**Q** 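Provided herewith is a single structure, encoded as structure tokens, for subsequent inquiry.
We name chains A, B, ... by the order of the sequence lines, and we start the count at 1 in each one. Just so it is clear, the structure is predicted and the values come from calculations on it, not from any experiment.
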Amino acid sequence: MTIQELLAGRAAEAFNQLFGTVLSPSDFTIQRTVINFREQGDFSLVVFPLLKLSKKSPEETARLMGNKLQEITDEIESFSVIKGFLNLRIKQQFWVDFITKKYTNTSFGLKKPEGGKPVVVEFSSPNTNKPLHLGHIRNNLLGFSVSKILEANGQSVKRVNLVNDRGIHICKSMLAWKLFGNNVSPESSGKKGDKLVGDFYVLFDKKFKEECGSLVAKGLSEEEAGNRSNLMSEARNMLRKWEQQDPETRALWSMMNQWVYKGFEETYRQLGIVFDKTYYESETYLLGKKLVDEGLKKGVLFRKDDNSIWIDLTSEGLDEKLLLRADGTSVYMTQDLGTAQLRYDEFNPSEMIYVVGNEQNYHFDVLKLVLKKLDKEWADHIFHLSYGMVELPEGKMKSREGTVVDADDLIEEMKVTARQMTEELGKIDDFDSEEAVRLYDTVGLGALKYFILKVDPKKNMVFNPSESIDFNGNTGPFIQYTYARIKSVLRKAEGQDFTMQGSVTLYPKEISLSILNYMFPQVINDAATEYSPSVIANYLFELAKEYNQFYHEHPILKEENTNSKDYRLALSVLTASVLKNGMKLLGIEVPERM
RNA sequence: GGCCCUGUAGUUCAAUGGAUAGAACGGAAGUUUCCUAAACUUUAAAUAUAGGUUCGAUUCCUAUCGGGGCUACCA
């Protein structure tokens, strides 16, 4: 239980005794006293919402509550009333006891998964025709971090990936390889598999444009040129062959996809991401037709004259939506319906989270509505974790202009920057080379991950590589650095066998640092309900900053009073533990020294 | 056109309907060398506009104006 929950419970009790009305603790807003009134108290109860029931003025209500609380509890030192705010000062002994109890617990704030119904988190979902880029990085980091946060709340989680490995776009790169590839492979070219395939996709586009250009020069319109293009019709032909299970086409498809997977695997490894299960659209794209039949029988769907099947969502403010083409083949929506059902049957989840970019908001609105109309009660437990685009300081990434930032290149660049900065300062001259490389990885990736995760997912954001790796400011390296520094302090204090003593006189600063005691579990909780790692990221920064201030005012190793030194060391242990656990929830490592 | 998201210091980000809108980077001034990439203190600087609901609005509602996205028998 957090201190806030405890106080809310006490407040409910006090209110009941005073006014004879039974309210639940959640009816009481207990907040951290705002900084300017910290002299008045540690926590504040907002009494405005209670006035209708108390039938007294704000001041009077607050005063009565304050008296009653002090009477019936033993946590409160004193209180003051300012307008409708009842400021409560918590007894110092309470803090000390609280910290004493917690500081040896290194998994502070985290729970073990309890089993029960899992939450399925789908993320990443790449196409096999091009390598991962900066946008995918945001997706992967969000999905992975959200899954970690849910686990820290005791939730069991299934991480799933749905690979888009079929379709006309895949055929384009296959065709380009067949026509212009000269049997090149990742081994023979030394290129990463996903890059190689991506290059052929680009090559197809280039050749296709050339062909169209020459057709237009002969007097065709652009649309006609597109339709008359040999390349495009060959690609379509290839897709048909693929669907007819043509062995040669399938073999080529399979070979090139394997190249890509090997490349993806490497990128995932770099990012520290793993999945419990990977689905392939080639295996799931025919699903969903059963659901369409079901819908037809129920009269939820209708058939047009050309035999295509639709759902009418105009009464919900959306459009009519196609679910099956006239020739009976399915579309994206159809297979997503099927995949959702498959996943539901397979995991019996309490919730299904889809980490997908916000350009698909409409798609997911429709998906949920259709499922609801099919009487799938679990449609309400589908959550689209929608996130915004990542832009660069120079502007938007555009594949046409070649400004797409490749994931691997970016990761490499971050590591190189970390190395350069470290070498310039000569901070780790005593590290062996293996240790040093590990540090560069940790810092480079930490910078990247933190910078992306600290932003509210639904907002578009600007990623600035050089700013992200700054060792000052709201950055990953700053937090890593703070952690390493605490560890260094603790190493030097080792052998002194410190313990917490109740007699310590606390300084206001130290009390404010100790907010971590009630806030960390709360923060994880909030982050889980909002599916937002940014909550945790920003909290960790606040904590690290506060520790630095604290350290500046109370240089621990120079402290001569044993009691207060012990207290501060214990606080350092606790802070380090929260920083480490918190960063873990973001998928970020912290170095023991740097 | 319709639908969805979004608009906060110069910039990048915060703020369950609560007190005087917080930080960081950058700018200006100063203190210090404490363990580690310096730190600390002070300072200037923002809620797009107009209404509404409320004891109280950055937050909720309406309109207007900006930015982004969706509006495929592509996935």
**Q** Quick check on side chain to side chain contact (heavy atoms under 4.5 Å, CB included): which of L291(A), I309(A), L324(A), D312(A) does L301(A) satisfy it with?
**A** I309(A)
**Q** Looking at Y280(A) versus Y261(A), is the centre-to-centre ring distance below 6.0 Å?
**A** yes
**Q** Between rG27(B) and rA46(B), how far is it from one C1' atom to the other, in whole Å?
**A**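 These two C1' atoms come out 16 Å apart once rounded.
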**Q** Given atom CZ of F541(A) and atom P of rA14(B), what is their separation to the nearest angstrom?
**A** 13 Å
**Q** Can you give me the N/O atom pairs linking the protein to nucleotides 68-73 of chain B at distances under 3.5 Å, or say none if there are none?
**A**
residue, atom, partner, partner atom, Å
rG68(B), O3', K396(A), NZ, 3.2
rG69(B), OP1, K396(A), NZ, 3.1
rC73(B), O3', R325(A), NE, 3.3
rC73(B), N4, D306(A), OD2, 2.4

**Q** Let me have RNA chain B in dot-bracket notation, would you? Count Watson-Crick plus G-U wobble pairs, both distances under 3.5 Å, and use [ ] for pairs crossing earlier ones and | for inter-strand partners.
**A** (((((((..((((....[...)))).(((((.......)))))....(((((..]....))))))))))))....
**Q** Can you measure Y450(A) atom OH to rU12(B) atom P for me and round it to whole angstrom units?
**A** 18 Å
**Q** Rounded to whole Å, please give me the gap between CD in Q420(A) and P in rA37(B).
**A** 19 Å
**Q** In Å, rounded to the nearest 0.5 Å, how long is the span from OH of Y481(A) to CE of M594(A)?
**A** 8.5 Å
**Q** With sugar-phosphate meaning primed atoms plus P, OP1 and OP2, does S44(A) contact a base, only sugar-phosphate, or nothing at under 4.0 Å between heavy atoms?
**A**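 Answer is base: heavy atoms of S44(A) come under 4.0 Å of a base.
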**Q** What integer distance in Å separates N474(A):CG from rA15(B):P?
**A**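 After rounding, the reported distance stands at 12 Å.
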**Q** Could you check whether E592(A) pairs with R491(A) (Lys NZ or Arg NE/NH1/NH2 to Asp/Glu carboxylate O, under 4.0 Å)?
**A**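 The answer is no: the pair does not qualify as a salt bridge.
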**Q** If you measure from the C1' atom in rA29(B) to the same atom in rC61(B), how many Å do you get, rounded?
**A**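 The same atom, C1', in both gives a distance of 46 Å.
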**Q** Write down the distance between CG (D526(A)) and P (rA15(B)), rounded to a whole number of angstrom.
**A** 11 Å
**Q** Distance criterion of 3.5 Å, no angle test: do you see the side chain of T475(A) paired donor-to-acceptor with the base of rA24(B)?
**A**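 In this structure, the two groups form no donor-acceptor pair.
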**Q** Should F48(A) be counted as stacked on rG56(B), where stacking needs a ring-centre gap under 5.5 Å and an angle between planes under 30 degrees?
**A** no
**Q** Using a heavy-atom cut-off of under 4.0 Å over every strand shown, decide if S534(A) touches base, sugar-phosphate, or nothing.
**A**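 Contact class for S534(A): none.
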**Q** Reckon N87(A) touches a base, only the sugar-phosphate, or nothing at all at heavy-atom distances under 4.0 Å?
**A**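 Base, at least one base heavy atom under 4.0 Å.
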**Q** Considering only the P atoms, how many Å lie between rG2(B) and rG17(B), rounded to the nearest integer?
**A** 30 Å
**Q** Figure out the CE/P separation between M461(A) and rU6(B), and round it to whole Å.
**A** 16 Å
**Q** Can the ring centres of F383(A) and Y531(A) be said to be less than 6.0 Å apart?
**A** yes
**Q** Would F37(A) pass as stacked on rA19(B), i.e. its ring centre under 5.5 Å from the base's six-membered ring centre and planes under 30° apart?
**A** yes
**Q** Is there, by distance only and without an angle test, a donor paired with an acceptor across the side chain of N548(A) and the base of rA38(B) below 3.5 Å?
**A** no
**Q** When we call it a touch if two heavy atoms are under 4.0 Å apart, what does D456(A) touch: a base, just sugar-phosphate, or nothing?
**A**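 Sugar-phosphate, backbone atoms only, no base.
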